[in-house]
Amino acid sequence: TTPDGTKRYEISTATADLNGVRVAEEKALEITTQLRLNTFNWEMYGVKPKPKPQHRTMGEIKADFEENYWRDRPKSRKKLNTYKANYQAYLKKIPDSDRFNDKNIDKWIRSTDPDSYARDTLIKLIKKLAKQEGIEIKSYSCKPTPKPRILPTDREIELTFSLLPEDIAWSFGMIATYGLRTQEVFIGIEKHLDFFTSSDNEFHKFKVDEDNKTGERLVYPLQPEWVERFDLLNPKRFPSNATKYESKVDKLGKELIKHGFKNEAYSLRHRYAIRAHELGIAIDDVARWMGHNVEEHVRSYQKYMDAST
């Protein structure tokens with residue numbers, strides 16, 4: 001791509017010898033004439049130009065975006081989840097019949113809350129779509145204001161566990177004890193049950209499968225005594241026939257609300273990070289168990305660590 005934003009293509013017209021040079025010169029004169037007469041057509045050289053942006057609906061543009069996104073990516077469960085969370089959910093905020101213009105862009109952005117992560121993510125997506133189409137748009141920006149997350153205490157976790165039905169309580173206890181993302185429980189226990197329950201598994205480590213957001217890793221329990229208290233070595237089947245893990249995640253969240261748990265299930269993962277800090281465990285160890293590098297771990301949890309000190 002040239003500095004002015006146009007693309008430069010090489011056209012192969014002849015062999016690399018003296019005769020080829022003559023042929024190339026003749027072809028260059030022919031193309032120059034076509035350009036002057038506005039009769040040049042890239043399709044003669046295997047390059048299919050895109051329709052002019054103003055003639056394309058957002059449905060067509062979004063379809064191209066999805067096709068380009070998956071061109072060089074395997075559709076693994078992990079990558080499908082990333083696409084769903086970062087793109088698909090926000091592409092739905094852009095009506096298929098709309099055109100790509102400032103008026104519509106303003107409307108799409110206003111459909112999200114000011115200073116929210118949703119607005120920031122949508123703006124980034126709109127910029128990607130504009131770049132794909134070669135369209136210049138106004139300078140949009142959003143600096144998200146993080147909402148304070150209230151974390152449960154360990155006492156509240158223990159109380160909630162005692163109130164939950166046995167088959168729901170086991171999954172809740174695993175998330176709280178190992179600081180897991182909800183789907184990591186379902187996938188890990190399905191694929192690595194023998195490892196988890198083995199008598200050779202010192203310290204009762206849990207193996208998170210590689211097909212998850214932060215890849216395969218071993219996680220240690222905090223509080224360790226919860227393994228026995230919550231009877232975690234005797235897994236209970238989650239009460240759902242859903243084939244998609246995401247459906248089970250949604251159901252668990254609803255069940256927790258139904259039984260009076262005031263926090264999101266994800267807050268249990270945050271609490272795990274802070275519990276490790278309170279127990280004096282080295283930050284690089286905890287970051288590794290949670291699938292982070294140290295910098296990311298500190299950025300995510302430092303404000304909670306400061307509050308607990």
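Side chains are part of it too, since the values below use all heavy atoms of this structure and drop only hydrogens, waters and symmetry mates.
Proximity of a side-chain donor or acceptor of Thr177 to a complementary backbone N or O of Gly173 within less than 3.5 Å is detected. Asn104 contributes a side-chain N or O that, together with a main-chain N or O of Arg99, makes up a donor-acceptor pair within less than 3.5 Å. Asp96 contributes no side-chain N or O that, together with a main-chain N or O of Glu60, makes up a donor-acceptor pair within less than 3.5 Å. Glu156 places a side-chain N or O within 3.5 Å of a backbone atom of Thr153 that can act as its donor or acceptor partner.
When all heavy atoms of Ser267 and Leu151 are compared, the pair lying nearest together is O-CD2, 3.9 Å. Contact record, Asp115 with Cys142: CA-SG, 3.8 Å, taken as the closest heavy-atom pair. The two residues Ile126 and Phe100 make their nearest non-hydrogen contact at O-CZ, 3.7 Å. Scanning all heavy atoms of the two residues, the minimum distance from Trp289 to Ile281 falls at CH2-CG2, 4.0 Å. Of all the heavy atoms in Phe196 and Ile189, the pair that sits closest is CD2-CD1, 3.8 Å.
Taking the side chain as every heavy atom from C-beta outward, Phe206 and Asn201 never approach each other to under 4.5 Å. Contact of the Arg119 side chain with the Ile123 side chain is registered, since non-hydrogen atoms from C-beta on lie closer than 4.5 Å. Counting heavy atoms from C-beta outward, Pro165 and His259 have side chains that approach closer than 4.5 Å. The shortest side-chain heavy-atom distance between Pro235 and Leu193 falls under the 4.5 Å cut-off. Looking at Tyr220 and His204, their side chains never come closer than 4.5 Å, going by heavy atoms from C-beta outward. Counting heavy atoms from C-beta on, the side chains of Thr121 and Lys124 never come closer than 4.5 Å. Put simply, the side chain of Ser240 does not reach to within 4.5 Å of the side chain of Ser247, judged on heavy atoms. Side-chain contact check for Glu30 versus Gln34: some heavy-atom pair is nearer than 4.5 Å.
For CD of Glu225, the number of neighbouring non-hydrogen atoms (other residues, nucleotides, ligands) closer than 6.0 Å is greater than 12. The neighbour count for Glu228 CD, taken as heavy atoms of other residues, nucleotides or ligands under 6.0 Å away, does not exceed 12. Atom NZ of Lys138 sits in a crowded spot, with more than 12 heavy atoms from other residues, nucleotides or ligands closer than 6.0 Å. Other residues, nucleotides and ligands contribute over 12 non-hydrogen atoms within 6.0 Å of the NZ atom of Lys107.
The aromatic rings of His292 and His297 sit tilted, their planes meeting at an angle between 30° and 60°.
Under the salt bridge (Lys or Arg N to Asp or Glu O under 4.0 Å) criterion, Asp113 pairs with no residue at all, not counting sequence neighbours. Asp231 is linked by a side chain to side chain contact (heavy atoms under 4.5 Å, CB included) to Asn234, Lys236, counting only residues two or more places apart in sequence or in another chain. Take Arg217 and apply the side-chain hydrogen bond (donor to acceptor under 3.5 Å, both in side chains) test, not counting sequence neighbours, and it matches Glu184, Thr214. Residues passing the salt bridge (Lys or Arg N to Asp or Glu O under 4.0 Å) test with Lys251: none are found, sequence neighbours excluded. Residues passing the side chain to side chain contact (heavy atoms under 4.5 Å, CB included) test with Arg229 are Glu158, Trp226, sequence neighbours excluded. When the ring pair (Phe, Tyr, Trp, His ring centres under 6.0 Å) test is applied to Phe261, the partners found at least two apart in sequence or on another chain are Phe172. For Glu264, the salt bridge (Lys or Arg N to Asp or Glu O under 4.0 Å) test picks out Arg149, with sequence neighbours left out. Under the salt bridge (Lys or Arg N to Asp or Glu O under 4.0 Å) criterion, Arg73 pairs with no residue, sequence neighbours left out.
Follow the hydrophobic side-chain contacts under 4.5 Å out from Val286 and you reach Val227 in the same cluster. Cluster annotation: Ile168 and Ile257 are assigned to distinct hydrophobic clusters (Ile/Leu/Val/Met/Phe/Trp/Tyr, side-chain heavy-atom contacts under 4.5 Å, transitive). Linking Ile, Leu, Val, Met, Phe, Trp and Tyr residues whenever their side-chain heavy atoms come within less than 4.5 Å places Ile175 and Leu233 in a single cluster. Note on Trp170 and Leu159: separate hydrophobic clusters, where clusters join Ile, Leu, Val, Met, Phe, Trp and Tyr whose side-chain heavy atoms are under 4.5 Å apart, directly or indirectly. Tyr266 and Phe238 sit in two unconnected hydrophobic clusters of ILVMFWY residues. Membership requires side-chain heavy atoms under 4.5 Å apart, directly or through other members.
Screening residues 193-206 for salt bridge (charged side-chain N to carboxylate O under 4.0 Å, His left out) gives no qualifying pairs among residues at least two apart or on separate chains. A ring pair (Phe, Tyr, Trp, His ring centres under 6.0 Å) check over residues 115-152, counting only residues at least two apart or in different chains, returns nothing.
The pair Arg275-Glu278 does not count as a salt bridge, with every side-chain nitrogen at least 4.0 angstrom from each carboxylate oxygen. The pair Arg288-Asp284 does not count as a salt bridge, with every side-chain nitrogen at least 4.0 angstrom from each carboxylate oxygen.
Between the side chains of Gln132 and Asp64, no donor-acceptor pair is found at a separation under 3.5 Å.
Other cluster members for Leu218: Phe195, joined by side-chain heavy-atom distances under 4.5 Å among Ile, Leu, Val, Met, Phe, Trp and Tyr.
Residues Phe230 and Phe161 place their aromatic rings such that the two centres sit under 6.0 Å apart.
The CG atom of Leu222 lies 10.5 Å from the CZ atom of Arg271; values are rounded to the nearest 0.5 Å.
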Which atom pairs, donor and acceptor, lie under 3.5 Å between side-chain atoms of residues 84-95 and protein residues at least two apart or in another chain?
none

| Under the side-chain contact (heavy atoms from CB on, under 4.5 Å) criterion, do Asn263 and Leu256 qualify, and how do the steps go? | CA-CA 8 Å; Asn263 307 83; Leu256 294 182; over 6 Å; no
